[in-house]
Amino acid sequence: MTISGATRVLVLLGDPVAHSLSPLMHNAWIADHGFDAVYIAVPLKTEGAVAAIRALKPFGFAGANVTVPHKEAAAAAADRREAEVANVLRWEADGTLSAFNTDGPGFIDALAEVAPDWRARVKRVLMVGAGGAAQAIARTLSPHVDTIHFVNRTGARADAAALAIPNGRALRWDDLERGFGAADLIVQATSLGMSGNPDFEWPTANIRTGAIVADIVYRPLETSLLRGARARGLTTIDGLGMLIFQGARSFEHWFGILPDTAKARARLMAALA
Ligand code: NAP
């Protein structure tokens with residue numbers, strides 16, 4: 001990669017960002033296509049993220065990804081937005097800022113890759129977690145399924161997430177086993193099982209035959225939930241799928257081209273190994 005005065009700059013804004021795999025993924029795609037561009041991660045350590053993002057306009061960045069804790073600020077800073085929470089920004093030729101959310105669609109791409117018949121198979125979803133990622137996935141899945149049950153350590157957050165979508169319901173954490181037994185799709189969207197965080201003894205014996213099990217944690221790539229589900233012979237989806245497809249859709253917003261997701265998986269698996 002040669003960086004010149006004309007090189008277009010894309011940024012990842014969030015705090016923290018040092019652990020992110022996005023620079024590796026996007027810079028490899030940029031090289032695949034021979035674009036004169038570079039993707040860098042910039043920690044945004046401010047309470048005033050809306051003003052900080054608006055102030056980026058004169059710098060001429062080609063686009064941005066936004067991660068925790070600034071996704072709401074990114075949507076608020078934009079002149080037009082798809083949702084109230086955004087993970088992609090694009091500065092337009094007229095100087096205005098557009099905000100997009102590719103997290104939920106990225107999860108659905110990952111689901112469709114592994115289970116192309118998911119629309120026929122999935123009526124009842126169990127969402128484990130009620131944080132930003134759980135809500136983004138639930139918002140996108142909601143129109144395609146009958147019900148989404150949220151189960152979360154903090155029950156009040158599950159209640160709020162359930163109220164935010166028309167077919168949302170809340171379960172108590174004590175009902176986790178029952179929830180596992182009733183779902184066609186289980187999405188693990190908490191940080192449980194992530195390296196450095198506590199793990200959990202998931203009731204995998206309760207999962208219905210034919211159910212699909214997704215874990216959006218990707219460090220480690222094979223979580224204890226996925227291991228248990230695979231031992232049952234169930235269809236599983238690891239956390240790299242969502243990461244790669246949200247990234248591919250981001251790339252398309254900036255460059256107008258969908259990049260090679262299989263190449264990205266090979267590169268990211270090598271980086272995680
Ligand atoms: P978040 O908004 O901070 O939500 C965190 C969630 O994890 C909450 O539901 C929280 O429950 C739960 N949690 C945390 N520690 C817990 C524990 N010890 N026991 C039970 N529940 C616990 O974070 P997020 O952005 O939604 O991210 C959640 C996870 O998804 C992270 O591991 C993140 O790395 C991963 N993620 C992956 C992708 C991907 O592309 N694959 C994208 C985004 C996020 P409370 O409400 O009770 O605190």
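In listed order, ligands and their atoms are each counted from 1. The shown structure was predicted, so the numbers you read here are calculated from the model rather than taken from an experiment.
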Task: Closest to atom 28 (C) of ligand 1 among Gly239, Gly131, Ala189, Ala160 (heavy-atom distance) - done: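 Of the listed residues, Ala189 has the closest heavy atom.
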- [ ] Before signing off on this row, confirm whether Ala134 and ligand 1 have an N or O atom pair separated by under 3.5 Å.
- [x]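 N/O-N/O distance under 3.5 Å: no.
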Task: Nitrogen or oxygen of Arg157 less than 3.5 angstrom from that of ligand 1 - done: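 Yes, at least one N or O pair falls under 3.5 Å.
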Open item on the list: Does the protein place a non-hydrogen atom closer than 4.0 angstrom to atom 47 (O) of ligand 1?
Closed with: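 It does: a protein heavy atom is found less than 4.0 Å away from atom 47 (O) of ligand 1.
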Task: Separation between CD of Gln188 and CG of Leu226, rounded to the nearest 0.5 Å - done: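 Answer for the CD-CG pair, Gln188 versus Leu226, is 9.0 Å.
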Open item on the list: Tell me whether the rings of Phe61 and Trp91 are parallel (<30°), tilted (30 to 60°) or perpendicular (>60°).
Closed with: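 Geometry flag for Trp91 against Phe61: tilted rings.
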Open item on the list: As an exercise, identify every atom of ligand 1 less than 4.0 angstrom from a heavy atom of Val68.
Closed with: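 In order of number, 25 (O).
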Task: Proximity to ligand 1 by part of Ala130, non-hydrogen separation under 4.0 Å - done: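 Answer for Ala130: backbone.
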Open item on the list: Is the contact between Asp103 and ligand 1 made by the side chain, the backbone, both, or neither, using heavy atoms and a 4.0 Å cut-off?
Closed with: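 For Asp103, no heavy atom sits under 4.0 Å from ligand 1.
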For the residue pair [Y] / [X], report whether a side-chain donor-acceptor contact shorter than 3.5 Å exists.
X: Asn167; Y: Thr147; value: no
X: Asp103; Y: Asn87; value: yes
X: Asn65; Y: Ser22; value: no

TODO: Distance to 0.1 Å, residue and atom name: give those for the protein heavy atom nearest to atom 20 (C) of ligand 1.
DONE: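 It is Leu192 CD1, 3.5 Å.
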